[in-house]
Amino acid sequence: MNKWENKEVAFFGKITAGITHEMKNVLAIIRESSGLMEDIMSISPEAVISYQEKFQNSLVKIKNQIKRGVELTNRLNKFAHSSDEALSKIDLHETIEQLIAISQRFARLKNVVLKIAPPNQSVQPTTLVTRPVQLQMALFAAIECCLNAMTAGGIINIGLDKSKEKYAVRVICEGDLPGKSEFVDNLSAFEKWPVLQKIAAFLEGSVELDEFAHGIVLFLPEQLRS
Amino acid sequence: MKILLVDDEEEFVTTLAERLELRGIHALVATDGEAALDLIETDPPQIVILDVIMPGLGGLEVLKRIKAQSPQTPVILLTGRGSTKEGIEGMQLGAADYLMKPINIEELIKKIQVSIKNQA
């Protein structure tokens with residue numbers, strides 16, 4: 001990325017992070033207000049006796065949605081802060097987990113579930129020094145390629161391996177899939193495939209089709225040279 | 001028990017104060033750092049619950065001044081970030097503990113009790 005693109009990413013990151021702080025305040029006010037309603041109901045239940053069940057059900061829904069909102073806001077906040085440093089030491093497993101959480105909606109539109117395999121003990125620790133924004137772009141492009149190549153429904157399972165000083169991120173499709181050659185054709189004809197190759201190269205890594213399964217393997221160095 | 005809540009989000013802090021009052025905790029409220037420091041001087045609380053990100057005097061600066069003005073008063077920080085970075089930074093500056101927003105009131109009360117006990 002050139003200097004201008006870096007600044008653009010940093011700008012979007014900064015504004016998004018600022019908004020997530022505001023959203024947390026909004027959620028905090030809703031939480032305290034619904035909490036106050038609950039408190040009042042518990043000390044004087046007779047005041048709302050004819051609607052008590054409806055009130056309680058609504059409060060449970062509000063609580064659940066606050067929980068969902070907080071989780072999404074925390075994820076978005078972390079995502080926004082990933083542009084703070086152009087190059088940084090990150091946990092790859094944690095980054096995959098984070099990206100999966102914020103990409104679920106895109107998968108859900110195709111009835112696909114994104115999953116992460118627990119890290120293999122031999123891969124621990126899963127840290128690497130890289131460009132966090134581009135790494136997330138590469139992971140997202142790999143997910144998009146798989147979503148495009150598979151039919152609706154199924155699972156995309158993301159696992160992590162390491163050999164020598166290189167990580168291998170395996171993005172594997174499972175479910176009712178087209179034949180391997182059709183899958184490969186779909187994947188390589190998709191506009192995001194060359195994009196993924198370029199980002200992988202920018203991260204001093206590479207991307208390949210998985211030899212044995214329907215999927216992609218993204219190779220990444222433990223530490224960037226430049 | 002008398003505590004001081006400091007947060008620039010007035011609706012948040014006044015509602016939280018009401019909920020604490022229902023639990024027998026008298027909560028004073030300040031919506032900026034300067035007002036908080038004034039209250040600590042005129043009507044000292046047993047503990048301060050302090051938001052980190054506020055306009056004007058930021059929470060960490062207010063924390064430093066509280067520690068200079070009234071070192072025995074424990075401070076619990078409220079942080080807005082998804083990470084624990086600000087909380088840890090605050091504890092290095094003398095905060096007793098921290099909580100991430102939106103908070104759980106029972107957890108807050110527990111931390112208040114522990115911090116006051118540890119201070120005694």
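To find a chain, count down the sequence lines: A is the first, B the second, and so on, and within it residues start at 1.
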Evaluate the side-chain proximity of [Y] to [X]: yes if any heavy-atom separation is below 4.5 Å, no if none is.
{"X": "Glu9(B)", "Y": "Glu32(A)", "answer": "no"}
{"X": "Lys101(B)", "Y": "Val70(A)", "answer": "no"}
{"X": "Asp8(B)", "Y": "Asn25(A)", "answer": "no"}

- Shortest non-hydrogen separation from Pro102(B) to Ala28(A) and the atoms involved: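 Of all heavy-atom pairs spanning Pro102(B) and Ala28(A), the closest is CB-CA, 3.6 Å.
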- Message: I need the minimum non-hydrogen distance between Arg19(B) and Arg31(A), along with the two atoms involved.
- Response: NH1-O, 4.3 Å
- Item | Contacting region of Glu71(A) [heavy-atom separation from chain B under 4.5 Å] | neither
Has [X] got more than 12 heavy atoms of other residues, nucleotides or ligands less than 6.0 Å from its [atom1]?
{"X": "Gln69(B)", "atom1": "CD", "value": "yes"}
{"X": "Lys63(A)", "atom1": "NZ", "value": "no"}
{"X": "Lys89(A)", "atom1": "NZ", "value": "no"}
{"X": "Glu10(B)", "atom1": "CD", "value": "no"}
{"X": "Arg68(A)", "atom1": "CZ", "value": "no"}
{"X": "Glu165(A)", "atom1": "CD", "value": "no"}
{"X": "Lys198(A)", "atom1": "NZ", "value": "no"}

Quick one: pull up [atom1] in [X] and [atom2] in [Y] and give me the separation to the nearest 0.5 Å.
{"X": "Ile29(A)", "Y": "Glu11(B)", "atom1": "CD1", "atom2": "CD", "value": "5.0 Å"}
{"X": "Met37(A)", "Y": "Thr15(B)", "atom1": "CE", "atom2": "OG1", "value": "12.0 Å"}
{"X": "Ile53(B)", "Y": "Lys24(A)", "atom1": "CD1", "atom2": "NZ", "value": "9.0 Å"}

- Name, in order of residue number, those residues of residues 26-50 of chain B that have a heavy atom at a distance of less than 4.5 Å from a heavy atom in chain A; otherwise write 'none'.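 Hits under 4.5 Å: none found.
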- Query: When you look at Met100(B) and Asn74(A), which way does the side-chain contact (heavy atoms from CB on, under 4.5 Å) test go after all the steps?
  - Reply: CA-CA 10 Å; Met100(B) 276 195 250; Asn74(A) 282 342; 5.7 Å; no
